[in-house]
Protein chains: 4
Amino acid sequence: MITDSVSLLSKFKEVRLQSERICKPLKTEDYVVQPIVDVSPPKWHLGHTTWFFETFILVPFLKDYSLFNPDYGYLFNSYYETVGARVIRTDRGNITRPGVQEVLAYRAYVDEHMEMFLSGEVENEVNDLLELGLQHEQQHQELLIYDIKYILGNNPLFPAYQNQIEKTDTAARPLGWLNIEEGTYKIGFDKQGFSFDNEHGVHQVFLHEYAVADRLTTNGEYLEFMEDGGYSNFKHWLSDAWEWVKTNEIKAPEHWHFQDGKWHQYNLSGGLQAVNLDAPVTHISFYEADAFAKWKGLRLPTEFEWEVACLQYGSLDHAKGFSDNGLYQPQSAVNDNQFYGEVWEWTASAYRPYPYYEAPEGAVGEYNGKFMVNQMVLRGGSCATPKDHIRATYRNFFHPHLRWMFSGLRLAKHL
Amino acid sequence: MITDSVSLLSKFKEVRLQSERICKPLKTEDYVVQPIVDVSPPKWHLGHTTWFFETFILVPFLKDYSLFNPDYGYLFNSYYETVGARVIRTDRGNITRPGVQEVLAYRAYVDEHMEMFLSGEVENEVNDLLELGLQHEQQHQELLIYDIKYILGNNPLFPAYQNQIEKTDTAARPLGWLNIEEGTYKIGFDKQGFSFDNEHGVHQVFLHEYAVADRLTTNGEYLEFMEDGGYSNFKHWLSDAWEWVKTNEIKAPEHWHFQDGKWHQYNLSGGLQAVNLDAPVTHISFYEADAFAKWKGLRLPTEFEWEVACLQYGSLDHAKGFSDNGLYQPQSAVNDNQFYGEVWEWTASAYRPYPYYEAPEGAVGEYNGKFMVNQMVLRGGSCATPKDHIRATYRNFFHPHLRWMFSGLRLAKHL
Amino acid sequence: MITDSVSLLSKFKEVRLQSERICKPLKTEDYVVQPIVDVSPPKWHLGHTTWFFETFILVPFLKDYSLFNPDYGYLFNSYYETVGARVIRTDRGNITRPGVQEVLAYRAYVDEHMEMFLSGEVENEVNDLLELGLQHEQQHQELLIYDIKYILGNNPLFPAYQNQIEKTDTAARPLGWLNIEEGTYKIGFDKQGFSFDNEHGVHQVFLHEYAVADRLTTNGEYLEFMEDGGYSNFKHWLSDAWEWVKTNEIKAPEHWHFQDGKWHQYNLSGGLQAVNLDAPVTHISFYEADAFAKWKGLRLPTEFEWEVACLQYGSLDHAKGFSDNGLYQPQSAVNDNQFYGEVWEWTASAYRPYPYYEAPEGAVGEYNGKFMVNQMVLRGGSCATPKDHIRATYRNFFHPHLRWMFSGLRLAKHL
Amino acid sequence: MITDSVSLLSKFKEVRLQSERICKPLKTEDYVVQPIVDVSPPKWHLGHTTWFFETFILVPFLKDYSLFNPDYGYLFNSYYETVGARVIRTDRGNITRPGVQEVLAYRAYVDEHMEMFLSGEVENEVNDLLELGLQHEQQHQELLIYDIKYILGNNPLFPAYQNQIEKTDTAARPLGWLNIEEGTYKIGFDKQGFSFDNEHGVHQVFLHEYAVADRLTTNGEYLEFMEDGGYSNFKHWLSDAWEWVKTNEIKAPEHWHFQDGKWHQYNLSGGLQAVNLDAPVTHISFYEADAFAKWKGLRLPTEFEWEVACLQYGSLDHAKGFSDNGLYQPQSAVNDNQFYGEVWEWTASAYRPYPYYEAPEGAVGEYNGKFMVNQMVLRGGSCATPKDHIRATYRNFFHPHLRWMFSGLRLAKHL
């Protein structure tokens, strides 16, 4: 929890600036579209994160604040039913006005008022909302990266988002196993500092002895599954998964393209490139992660197994990935006990409330709780996650067929 | 496990006869249709359960057996991808031939050969398959009852399946609570006798102290939720649930109809009748069960909490419901510690494999494992379940929006 | 127009009996289903045609008539919005009650009252309605044949409706041309006897000199188109047609199946049989008829060209086809100037009102006029049309993608 | 036909410039989106019209011409199947690159080469293609205006495209009738100058005596239909139309909004404004035009009746509307015998080929002929049509449910 107003203000400025930094390489045209329902137009992300601060902080707490534009509440609300009418999600990509410049003016206006507001004394309640707003904006920064990748990566011209950053192609380390003893473990967040409501309801779980792989599954390993006919043998697939594979004619991870006799993937840095066999596989759905693990004769870890293993073996300090390096691409799987910052790891756990979980009152109560069905938990953060946004107890979640985000897997087994 | 051939044969005959008994009140026309994808035509159930014995027992184990009709494999396979091409599920309701008489002739032919086969020595392996076939047929008997109810209950004439059986309208007992202490509990089946693969992977779970209601939620209680605007206030609903409510304009449980100023429900016994306020609410989706519990400020039990509570407080011997009484309608919630045989109880648990779970080899391996995603677990059996089919560890599962089956809920809370 | 009560009664009895005769070979199960929206369940046809007489004659004109069942109006109305609520068309195939026996009892009840009614003096107004009711029933007899063919022909077992009737496979005659001089011609019906409102609005059209083929296009000729890649070359197809071909993966006429290296077609008489190359091609959509003609470098005649040519060259007396022979299959194209009774001929004309056309008042006004958009006109009657139902001015109409009826084509050209 | 190279060049420059003029008021964001399948992104129109000249003139006829970008053929082909792979129409709105500046650079590059090319001797064949390309671009200019109106008019902020141009609100003149005698009339184009292939096949038609209204139907008249319950009484509607009304909950013309107790319409000039009761009704589908006429007890003219009446009574010289005035809004119905340049008039005629019609060879043959099914003919041009683009014989066509274009109606009757 950030408590002094100087660092609060500086954190605020830094986070707000980062969203605009991410959009810098875009053309105006790129800010507008919504090619699939899961992707939002970049300018919508910029407006929506701003709307959050205006609606939940400036309007209730800044005396005499007047709205930048009363229509924006309607345009930039995402799904907070509490707050009022909203543009239905599938329409977002057809709303050309306000344009990028107006959205940036909206940001500037709200930032100016927020900075004025934060220069004064800030109550604890507001402090919490502010922290939530910043975490919220960091989440949208991550979504911005996914969405930009989808928009550019589905353009027939495959335009690169940025030049390729030089990289050292190191071979992946051989896969080893990390063992965990049977026992009752504490799950969830009860430390100092920020956390989301869905990590609460701290409780105990009993785990039988198990092991998790000491690194992520690589593209090379995934390609073996593909070359073994993985996508055409129903035996590896859950029933809903098999329907998904057949209906959508899935044959490879998202952003993979077969050209000139070999597999390429679209990367934000550098555009279309040959698949790096040593990097963690990414842009796979839960269905694919689960099928791969079954094909291997193994399984995914539960979110509890992941959390316990991460706390025991992982280290955020040594983690090298994350969005902070600006590469937006998972790197070769070379590190020891890498649990953070390459790709979100699908777990075997459905996203459900912890015992004792209670959603907060009001609109912020819609943040996490209402999504707790039909989704699977992912852990660890990705190359699009800010490093100061993640922790071992952090629960991300997506529907099992989605894969436009940086998602991958780590294998597990019982002993 | 049934081991002597006399009781094996007699169990076989009894189960097979029961499927036909259930269909007795139908007109030929009722056997044919598939009004929604989840409902199968009754004659398909009769054929499919027969196909199971023919395919998995007679063909591999009865020397010189010749198929009744080689086309039937194609027509009556349900979803066993291992076994070959199948009629896609949505088409089942348009296949008028073979007719009911031919399907009954198919049953007679297979039964005759099965009885011949069972009169001899039966190997253990076959014994297991036979037991599975009978359990499978009992599951289809339950589906038959749901499906017949859907077919007749969605006919504008609301024809009754059978005359109303006399009933004593007793008031529901006041709701009490059953407490369970914190601790590590064993979950899953490791006794003698039949069980499904999804109950295996016996393992331990840690449970914090909790309580479950000592009876099911009644129609009267559910009506309070409805009259409090439960279906029009998004706050009670999960996000996917709220979409479902709005898209399908859901306003009441399935089979409920508002006529002449009050709520009626279609019952197999007696047709359209005023809702019995003291009977357990049924034909609700997980979404509705969860919303009701939230509205109450409570929650559903997890499947582990349910199993532990049931083992501690429930008693199969004292259970009065089940399909055995031929009523096919849950009765007034008057009994102590009723855990079985009224309605399947939605739990808070997503349907996922237990630790150590492994799907069996071959086609029977497709029985349960491949459905372990996007579904929720239900426990306890219903008024359409044969009493000798259920046990405390039995895991039923449905997608969370489904409600044509006898589904209801029991409340739970932490202490 | 039938005017004396004896022949009126006898016509009534004969037409009513014919509907039941057509259904005779069916199993009860076949009466129930609706595999596609265009097909209605046979028992619905039997009920609907009966409902017509009950609603439009018995209720308004027979003193003290009481309805057989007040719910039947709801169940058996087709689309007469004037008359009240109706079962939506896509649901018809899920309504198992009333069963076939009840529908036959309904027919018997209405017939008995109609016969009683017709024994007395009948006013002209009623006479017209009666004639319309009989024509209406004949149209449903034709639909019954299409629908039965669809139901049985899409069953994986391909059950025959009746045994194959012996036929003499005669080679088709070489195609010749019938010339028509330029001039102004009268179009529409203004003779004695029954006609539909859509033939009215008698008027004149100017036709430039043209010729029509003296026989229908054969299966053999159509197969040449197929073998020349007709279904995979966009050049032959209208834009909407090409979408239809691709979306539905159309590769041959309806009811054609490629087996053991050659094309078969499902016939009501005899089931699946090798295609008769000399018989008129049938079960093709307007899109296919038009593409075939374009591929030939020719075109379809307009409905006016067809009517004028038919009046000049055709002869109803010499026509051999029609449903009267009970074969329900077009025969070898051997006859001179055959314009009637093999397959309905797609014309180049969109179905629009004639000049001076006015829809009658009341529910019967919904008979034809409201369909006058997005459909194409067909002429000539088919092997499923009763011979006394057709005439040169008769306008049939279907949406251009439909082909479950007996539809074919005749070529035309300008000179 | 333009034959001298000076005026050819000047016409080319003028038409090309006009497309860019139309887009001038747009923001970059407005160029990108495709809110419904019928609307194309403005930058696509700019690219596609350019591609036409590059593909059909520069590539085949300009020696040593090199493509601006080989990928553009794929991106900017619309539907010419002959020419190769194309971006499927529904995806156009997600293609953010090339951006507006690149598309304008593409235009400049092609224009430069075209101008170079046109400075030399131009063969007749090329001349024809050039004329077609310019007519094609004018058609896209009209579509640009519809599409821009749809994009801005469906934005919740209702941004105006341009300031409102001052107008004199004059009352509509009383409706009179123009009579035409019975006779045989020539239809189609056989004059000097440009025409489309669908106007060819000049031929004669016989027309019975009739009359057409001497002006278009006004918003005021249409409002009477609405206030008489026109949209909720099935009697006025064709069957397909009634389905469309109910499925889409149609209650008023496109771009009409009920606010503060009265009807407004979105106009490109000035944004949302009270409906001008004296102006011609526009943005109605054929279904609405037909229903209105039926409600009036009248009908729409056929395209032949329209053409003959227009040739007899209309005058292109006196027409005041068209896009040339830059207003893009139909004006008060005050003029005598106004047949041109306000709104396209739905006729009673389905769009079918004329006798003797033949589609040209090659890709330009896909221009008109392949659309000749399921669409209705409209005549007269609109306030978005360039005045030098129209003539009495010009056949426009749209599917009967469409109404994002400037479409309206004129009444007709037989005498």
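Letters A, B, ... are given to chains in the order of the sequence lines, protein chains preceding strands, and every chain is numbered from 1. Keep in mind that the numbers below use all heavy atoms, side chains included, and drop hydrogens, waters and symmetry copies.
- Remark: B/Glu181 CD is loosely packed, at most 12 non-hydrogen atoms of other residues, nucleotides or ligands lying under 6.0 Å away.
- The CG atom of B/Leu207 lies 11.5 Å from the CD atom of A/Gln204; values are rounded to the nearest 0.5 Å.
- One N or O on the side chain of A/Arg352 and one on the backbone of B/Ala348 form a donor-acceptor pair closer than 3.5 Å.
- Interatomic distance, A/Tyr356 OH to B/Arg299 CZ, rounded to the nearest 0.5 Å: 8.5 Å.
- In this structure, chain B has no heavy atom under 4.5 Å from any part of A/Tyr210.
- B/Lys370 NZ to A/Trp242 CH2: the interatomic distance, rounded to the nearest 0.5 Å, is 10.5 Å.
- When heavy atoms are compared at a cutoff of 4.5 Å, B/Tyr351 does not approach chain A at all.
- Here the side chain of A/His208 pairs no donor or acceptor atom with the backbone of B/Pro355 at under 3.5 angstrom.
- No other option in B/Glu358, B/Gln375, B/His399, B/Glu182 has as many heavy-atom pairs under 4.5 Å with chain A as B/His399.
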**Request:** Just do the side chain to side chain donor-acceptor pair (under 3.5 Å) check on A/Asn374 and B/Asn374 with the steps written out, would you?
**Result:** CA-CA 5 Å; A/Asn374 299 332; B/Asn374 299 330; over 6 Å; no
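- Summarising the geometry of B/Thr184 relative to A/Phe206, their closest heavy-atom pair is CG2-CD1, 4.0 Å, with the distance given to 0.1 Å.
- Here the straight-line distance linking atom NE2 of A/His203 with atom NE2 of B/His414 works out to 8.5 Å at 0.5 Å rounding.
- For the atom pair A/Asp240 CG and B/Met372 CE, the distance stands at 13.0 Å (nearest 0.5 Å).
- Across all non-hydrogen atoms, the minimal contact from A/Phe286 to B/Val373 is CE2-CG2, 3.8 Å.
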